[in-house]
Visitor: 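What follows is a structure written as structure tokens; I'll ask about it next.
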Amino acid sequence: MEALASGPTAPAAARSATEAFFARSAHEVARELVGATVLVDGVGGRIVETEAYASDDPASHSYRGETARNRTMFGSPGRLYVYRSYGIHWCANVVCDDDRVGAAVLLRAIEPTHGVEAMHARRGTVDARLLCSGPGRLTQALGITAGLDGHAVDAPPLELFLSETADVVAGPRVGISRAVERPWRYTLRGSPFVSRPRPRA
DNA sequence: CAGTGGATGCTCT
DNA sequence: GAGCATCCACTGT
């Protein structure tokens with residue numbers, strides 16, 4: 001993937017390749033991010049689980065309009081939206097934009113491939129399957145906090161490498177109470193590193 | 001295994 | 001004051 005040439009203050013007209021990739025529906029982006037590799041300071045791995053949150057989605061933080069918390073969701077695509085979950089964990093999204101602002105893709109699980117030692121140290125677990133298999137776990141393992149909110153996903157310390165097409169399965173989202181039935185959770189088929197139900201086959 | 005409850009902070013009603 | 005896009009420890013089968 002190309003490096004992001006323009007900084008935060010660059011003219012909006014000069015949209016980078018990364019921004020263009022994320023300037024689509026959260027569904028397309030969520031599906032294509034499965035199989036991609038994301039690193040923070042060289043620590044991370046292959047994305048095996050994502051969820052799409054659309055702009056007109058009752059389950060999305062952006063549904064009721066812009067607030068102080070979700071401001072990043074209404075900005076440039078290709079940036080991280082980081083928020084605190086249940087008062088304890090951080091959750092990381094990538095902002096999308098399919099003509100309507102307020103869409104994003106939640107990163108739910110990663111297969112650890114880079115900097116596994118650092119992840120173990122941060123997480124304090126010995127089970128590789130539990131290092132990044134959940135939105136709160138993966139932010140802890142990669143060291144993602146509110147400090148990275150609004151940060152471009154391809155600007156240091158973040159790196160993103162897209163992949164060839166992966167074998168992706170769609171299913172219902174996890175942990176939400178509204179629009180529960182929408183099958184907007186995307187997982188890498190058969191991966192033992194997804195967060196929820198152990199893949200049965 | 002399945003089910004329950006506690007921790008903990010912030011947003012919105 | 002309720003309700004979370006969660007995780008973990010602990011209980012009982």
Side-chain angles (χ1 to χ4, degrees), chain A residues 22 25-31 33-34 38 45 47-75 77 79-98 100-112 119-151 153 168-188 192-201:
Chain A
F22 289 103
S25 81
H27 308 287
E28 290 177 89
V29 174
R31 180 175 281 274
L33 277 183
V34 174
V38 61
I47 298 170
V48 297
E49 178 179 348
T50 61
E51 281 178 358
Y53 287 85
S55 45
D56 57 350
D57 179 357
S60 173
H61 286 179
S62 63
Y63 185 61
R64 292 175 198 80
E66 184 175 346
T67 66
R69 174 178 65 161
N70 65 23
R71 189 177 63 251
T72 300
M73 292 186 83
F74 292 83
R79 292 176 183 272
L80 274 194
Y81 165 47
V82 182
Y83 69 90
R84 194 180 280 285
S85 174
Y86 291 91
I88 302 174
H89 306 101
W90 297 104
C91 287
N93 303 250
V94 186
V95 175
C96 300
D97 178 4
D98 67 343
R100 302 178 61 186
V101 293
V105 173
L106 172 65
L107 304 180
R108 283 197 56 92
I110 288 174
E111 175 183 344
M119 296 193 219
H120 276 121
R122 289 170 177 154
R123 293 268 304 122
T125 180
V126 289
D127 189 341
R129 287 187 171 188
L130 299 179
L131 276 183
C132 299
S133 58
R137 290 169 177 160
L138 82 84
T139 54
Q140 186 183 12
L142 272 60
I144 296 175
T145 67
L148 286 176
D149 181 51
H151 205 92
V153 293
V168 180
V169 193
R173 293 180 289 186
V174 176
I176 56 174
S177 58
R178 314 174 73 107
V180 178
E181 73 289 352
R182 304 186 187 183
W184 292 350
R185 171 178 181 241
Y186 300 95
T187 58
L188 184 64
F193 296 96
V194 303
S195 70
R196 246 332 164 103
R198 278 298 153 69
R200 317 250 311 164

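Chain letters run A, B, ... following the sequence lines, proteins first, then strands; residues in each count from 1. Note: hydrogens, waters and symmetry copies are ignored here, and every other heavy atom, side chains too, is used.
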Visitor: Measure the distance between the ring centre of Tyr53(A) and the centre of the six-membered base ring of dA5(C), then answer whether it is under 5.5 Å with planes under 30°.
Guide: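 Yes, Tyr53(A) stacks on the base of dA5(C), since the ring centres sit under 5.5 Å apart and the planes are within 30°.
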
Visitor: Looking only at atom P, what distance separates dA5(C) and dG3(B), rounded to whole Å?
Guide: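 Rounded to whole Å, the distance is 22 Å.
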
Visitor: Should the side chain of Tyr83(A) and the base of dA5(C) be counted as holding a donor-acceptor pair, with the cut-off at 3.5 Å?
Guide: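 Looking at the base of dA5(C), it does pair with a donor or acceptor on the side chain of Tyr83(A) (distance under 3.5 Å).
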
Visitor: For residues Val38(A) and Val153(A), determine if any side-chain heavy atom of one lies less than 4.5 Å from a side-chain heavy atom of the other.
Guide: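 Not touching, per the 4.5 Å side-chain cut-off.
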
Visitor: Return whichever of Gly87(A) or Gly134(A) has its heavy-atom-nearest nucleotide of DNA chain C closer to the 5' end.
Guide: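 With Gly87(A) and Gly134(A) compared, the 5'-side residue is Gly87(A).
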
Visitor: Take the protein atom CZ of Arg84(A) and the nucleotide atom C1' of dC7(C), then report the distance between them rounded to whole Å.
Guide: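 Spelled out: CZ on Arg84(A) to C1' on dC7(C) is 14 Å.
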
Visitor: Atom CG of Leu107(A) and atom CG of Leu33(A): how far apart are they, to the nearest 0.5 Å?
Guide: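 Between Leu107(A) CG and Leu33(A) CG, I get 7.0 Å after rounding to 0.5 Å.
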
Visitor: Please state how far atom CG in Asp127(A) lies from atom C1' in dC8(C), giving the value in whole angstrom units.
Guide: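 After rounding, the reported distance stands at 14 Å.
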
Visitor: How is Arg173(A) classified with respect to the nucleic acid when contacts are heavy atoms under 4.0 Å: base, sugar-phosphate, or nothing?
Guide: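 No contact.
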
Visitor: Tell me the interatomic distance from Tyr63(A), atom OH, to dG3(C), atom C1', rounded to whole angstroms.
Guide: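 Whole-Å distance recorded here is 17 Å.
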
Visitor: Does dC8(C) have its OP1 or OP2 closer than 4.0 Å to a side-chain nitrogen or oxygen of Arg123(A)?
Guide: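 Result: yes.
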
Visitor: From the options dT11(B), dT6(C), dC8(C), select the nucleotide whose nearest atom is closest to the side chain of Thr67(A).
Guide: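 Nearest listed nucleotide: dT11(B).
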
Visitor: As a quick check of understanding, evaluate side chain to side chain contact (heavy atoms under 4.5 Å, CB included) for Leu106(A) and Arg173(A), giving each step before the final call.
Guide: CA-CA 10 Å; Leu106(A) 172 65; Arg173(A) 293 180 289 186; over 6 Å; no

Visitor: What is the distance, to the nearest angstrom, from the CD1 atom on Ile88(A) to the P atom on dG5(B)?
Guide: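 Taking CD1 of Ile88(A) and P of dG5(B), I get 17 Å after rounding.
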
Visitor: Please report the distance, rounded to the nearest Å, between OH in Tyr86(A) and C1' in dA7(B).
Guide: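 Distance, rounded to whole Å: 13 Å.
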
Visitor: Side chain to side chain contact (heavy atoms under 4.5 Å, CB included) for Trp184(A) and Arg31(A)? Distances and angles first, verdict last.
Guide: CA-CA 9 Å; Trp184(A) 292 350; Arg31(A) 180 175 281 274; over 6 Å; no

Visitor: Does any non-hydrogen side-chain atom of Thr139(A) lie less than 4.5 Å from one of Val82(A)?
Guide: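 The answer is no; the side chains never approach within 4.5 Å.
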
Visitor: Report the distance from atom CZ of Arg178(A) to atom P of dC4(C), rounded to the nearest whole Å.
Guide: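 Nearest whole value for this atom pair: 8 Å.
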
Visitor: Distance check: side-chain N/O of Arg64(A) vs OP1/OP2 of dT11(B), anything under 4.0 Å?
Guide: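 Result: no.
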
Visitor: Taking OH from Tyr81(A) and P from dA5(C), how many angstroms apart are they, rounded to a whole number?
Guide: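 My rounded result for the distance is 9 Å.
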
Visitor: Who is the Watson-Crick or G-U wobble partner of dT8(B), with both distances under 3.5 Å?
Guide: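 Base-paired to nothing in any strand shown.
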
Visitor: What is the distance, to the nearest angstrom, from the CG atom on Asp57(A) to the C1' atom on dA5(C)?
Guide: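 Distance, rounded to whole Å: 10 Å.
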
Visitor: Just to confirm, is there a sub-4.0 Å distance from OP1 or OP2 of dC4(C) to any side-chain nitrogen or oxygen of Ser177(A)?
Guide: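 Checking Ser177(A) against dC4(C): at least one side-chain N or O falls below 4.0 Å of OP1 or OP2.
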
Visitor: Just N and O in the side chain of Ser60(A): are any of them under 4.0 Å from OP1 or OP2 of dA5(C)?
Guide: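 For dA5(C), neither OP1 nor OP2 has a side-chain N or O of Ser60(A) closer than 4.0 Å.
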
Visitor: When you get a sec, tell me which of dT6(C), dC7(C), dA5(C) is the closest nucleotide to the side chain of Ile176(A)?
Guide: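 Among dT6(C), dC7(C), dA5(C), the one nearest the side chain of Ile176(A) is dA5(C).
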
Visitor: Hey, are Arg122(A) and Gln140(A) close enough side-chain-wise for a donor-acceptor pair under 3.5 Å?
Guide: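 Note: Gln140(A) and Arg122(A) side chains miss the donor-acceptor criterion.
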
Visitor: Between His61(A) and dT11(B), does any side-chain N or O lie under 4.0 Å from OP1 or OP2?
Guide: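 No, outside the criterion.
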
Visitor: So, is Arg108(A) near the phosphate of dT6(C), with a side-chain N or O under 4.0 Å from OP1 or OP2?
Guide: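 It does, given that an N or O in the side chain of Arg108(A) lies less than 4.0 Å from OP1 or OP2 of dT6(C).
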
